[in-house]
Number of protein chains: 2
Amino acid sequence: MHYRILIVEDDEELGKQIVGHFREAGFDPTWFKNGDAALMVRPQDFDLIVLDLMLPGAYGMDVLKHVRQEADVPVLVLSARNETTDKVRALELGADDYMTKPFWPEELLARVQARLRRPVLTRSGVIEVGSLAIDTVGRQVSIGDETVELTRVEFDLLTALAKRPGAAISRTWLVDNVLDPEREGGTRTLDVHISRLRKKLGDVGRTIATVWGVGYRLEPQST
Amino acid sequence: MHYRILIVEDDEELGKQIVGHFREAGFDPTWFKNGDAALMVRPQDFDLIVLDLMLPGAYGMDVLKHVRQEADVPVLVLSARNETTDKVRALELGADDYMTKPFWPEELLARVQARLRRPVLTRSGVIEVGSLAIDTVGRQVSIGDETVELTRVEFDLLTALAKRPGAAISRTWLVDNVLDPEREGGTRTLDVHISRLRKKLGDVGRTIATVWGVGYRLEPQST
DNA sequence: CTATGGCTTAGGAACCTGTTAAGATCTCCA
DNA sequence: TGGAGATCTTAACAGGTTCCTAAGCCATAG
């Protein structure tokens, strides 16, 4: 069975290239060259959406909003600029990942593949990993029947890991995306949060593995 | 069946050298010394194009553009400078890989082979070579059902080899790309890592072959 | 047989992580 | 506005892991 990928990209060259790479890799890509068409589509017909934010007419954000209203499909956002505002807004609107042009097609492919190995995310916005249940809407976490109280950072940290169970999430990514972005680098802050998270989660906490020199990973079959 | 390679390179020496290497390696190389000729060609007649950006008259980018308009042939770009602008522009125009001069002809050959001989990379980001499975996303390695604990360098080394099973990966490439780039040259560090990797992998470790005077190779049918 | 390159062992240096404790900051409510 | 409590950050250190280098031995090519 082939994953269906929707690509929204106005650049003729880049679009063709991306489509080619996806097809080669065994995906089933659909390519829209403008936002209007993308606004008509049923997002739930696709397994993942690659969206260029810099569409003519600044439709990028509209498309993203539309997709988010309709379904919980992962969205990978592309942007030509490396402006933080774009990134922040995209993430606020529910983008799942973000890439700055230019990039290697392989990298895009790799990220998409990583994203598709996704967790059990129920329609109500609950991520389930083993006995762990994360209500991303109500921002509540439970293990079995027990509710666990987490702070904001702890919750975001756990969510980031749980969104891609089994994947190693790099320290830098976590620091940049979960912790306060205004911070300056070079501390043990992340470790402290992980430490407390593990303690609060008890047995489940032990399924947060350290990937030495890289980051952390939530084991998929967390009991 | 021979792969047809188009080489666009104005430097007499380098061109001759590259052509020689490709021919030796069993490719079918065609060599153009200037961009004008390259603009006339039908890119779809080739399996891969090696393009020097620094052509007289600055035709490099034009050729790239031409190729991209015509067909979806992989293009490997060469450039004398190590300037980011060139790299970025090449990427925007759809180059698939990029090499900075000077380089070893072997390295060029290796990259070309890597591109033509697609790695065994499954949808989920797992590289499989025989009973060996490398989860590049989760950064985990297993042989059959057994998980193998590898350090960061060991993992990256194995991945580099496994991405191109059967291909000889040069020592220099491994040292430059896998080991800490800040290091100074002239040690036996790589050997030590390979040694430990072999030991940890047990039987599979024996399929990491030494290519005398060149580097290492992971045998494709590793048990 | 010789020279070159590769393998392995061992030790120490460098690095990374986990944890505790304390200070800074934020939030909420009276 | 003030203050208590919760939350986040930083510093400091311990403990462990990983990496690099040196040195001797072995394998290979010529």
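Below, all heavy atoms of this structure are taken into account, side chains as well, without hydrogens, waters or symmetry copies. Each chain gets a letter, A, B and so on, in the order the sequences are listed, and its residues count up from 1.
Sorted by first and then second residue, the pairs that involve residues 138-147 of chain B and meet side-chain hydrogen bond (donor to acceptor under 3.5 Å, both in side chains), not counting sequence neighbours, are Arg139(B)-Asp156(B).
Residues passing the side chain to side chain donor-acceptor pair (under 3.5 Å) test with Arg198(B) are Thr210(B), sequence neighbours excluded. His21(B) meets the side-chain contact (heavy atoms from CB on, under 4.5 Å) test with Gln17(B), Pro105(B), Glu106(B); sequence neighbours excluded. Annotation: side chain to side chain donor-acceptor pair (under 3.5 Å) contacts of Arg196(B) (sequence neighbours excluded): none. Contacts of Val148(A) classified as side-chain contact (heavy atoms from CB on, under 4.5 Å), with partners at least two apart in sequence or in another chain: Val141(A), Ile143(A), Leu150(A), Lys200(A), Leu201(A). In this view, Glu13(B) satisfies the salt bridge (Lys or Arg N to Asp or Glu O under 4.0 Å) rule with no residue, not counting sequence neighbours. With sequence neighbours excluded, the residues that form a salt bridge (Lys or Arg N to Asp or Glu O under 4.0 Å) with Asp191(A) are Arg171(A), Arg188(A). Not counting sequence neighbours, the partners of Thr172(A) by the side-chain contact (heavy atoms from CB on, under 4.5 Å) test are Ser170(A). Shown here are the ring-ring contact (aromatic ring centres under 6.0 Å, His included) partners of Phe155(B), two or more places apart in sequence or in another chain: there are none.
With respect to the salt-bridge test (charged N to carboxylate O, under 4.0 angstrom), the residues Glu219(B) and Arg206(B) do not qualify.
Atom CD1 of Ile208(B) is separated from atom C1' of dG6(C) by 14 Å (rounded to the nearest Å). Spacing between atom CG of Asp156(B) and atom P of dT18(D) amounts to 13 Å, rounded to whole angstrom units. One interatomic measurement links the two molecules: CG of Leu174(A) to P of dC8(D), which rounds to 15 Å at whole-angstrom precision. Leu157(B) places its CG atom 13 Å from the P atom of dC7(C), with the value rounded to the nearest Å. Remark: C1' of dC8(D) and CG of Leu150(A) are 15 Å apart, rounded to the nearest angstrom.
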Evaluate Val67(A) against Ile49(A) for side chain to side chain contact (heavy atoms under 4.5 Å, CB included), listing each step before the verdict. CA-CA 9 Å; Val67(A) 169; Ile49(A) 296 172; 3.8 Å; yes

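Put simply, Tyr216(B) has no side-chain N or O that comes within less than 4.0 Å of OP1 or OP2 on dG5(C). At least one side-chain nitrogen or oxygen of Thr210(A) sits closer than 4.0 Å to the OP1 or OP2 atom of dG18(C). One finds no side-chain N or O of Thr189(A) lying less than 4.0 angstrom from the OP1 or OP2 phosphate oxygen of dC8(D).
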Shorter than 3.5 Å, N or O on both sides, protein versus nucleotides 8-15 of chain C: list them out with atom names.
{"from": "dT8(C)", "atom 1": "OP2", "to": "Ser195(B)", "atom 2": "OG", "distance (Å)": "3.0"}
{"from": "dT9(C)", "atom 1": "OP2", "to": "Lys199(B)", "atom 2": "NZ", "distance (Å)": "3.0"}

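Nearest-nucleotide positions on DNA chain C for Val214(B) and Val211(A) put Val214(B) closer to the 5' end.
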List the protein contact pattern of nucleotides 23-29 of chain C with one symbol per nucleotide (5' to 3'): B for base contact, S for sugar-phosphate-only contact, - for none; contact means a heavy-atom distance under 4.0 Å. -------

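Fit an axis to the five pairs at each end of the helix from dC1(C)-dG30(D) to dA30(C)-dT1(D) and the two axes sit 40° apart, to the nearest 10 degrees.
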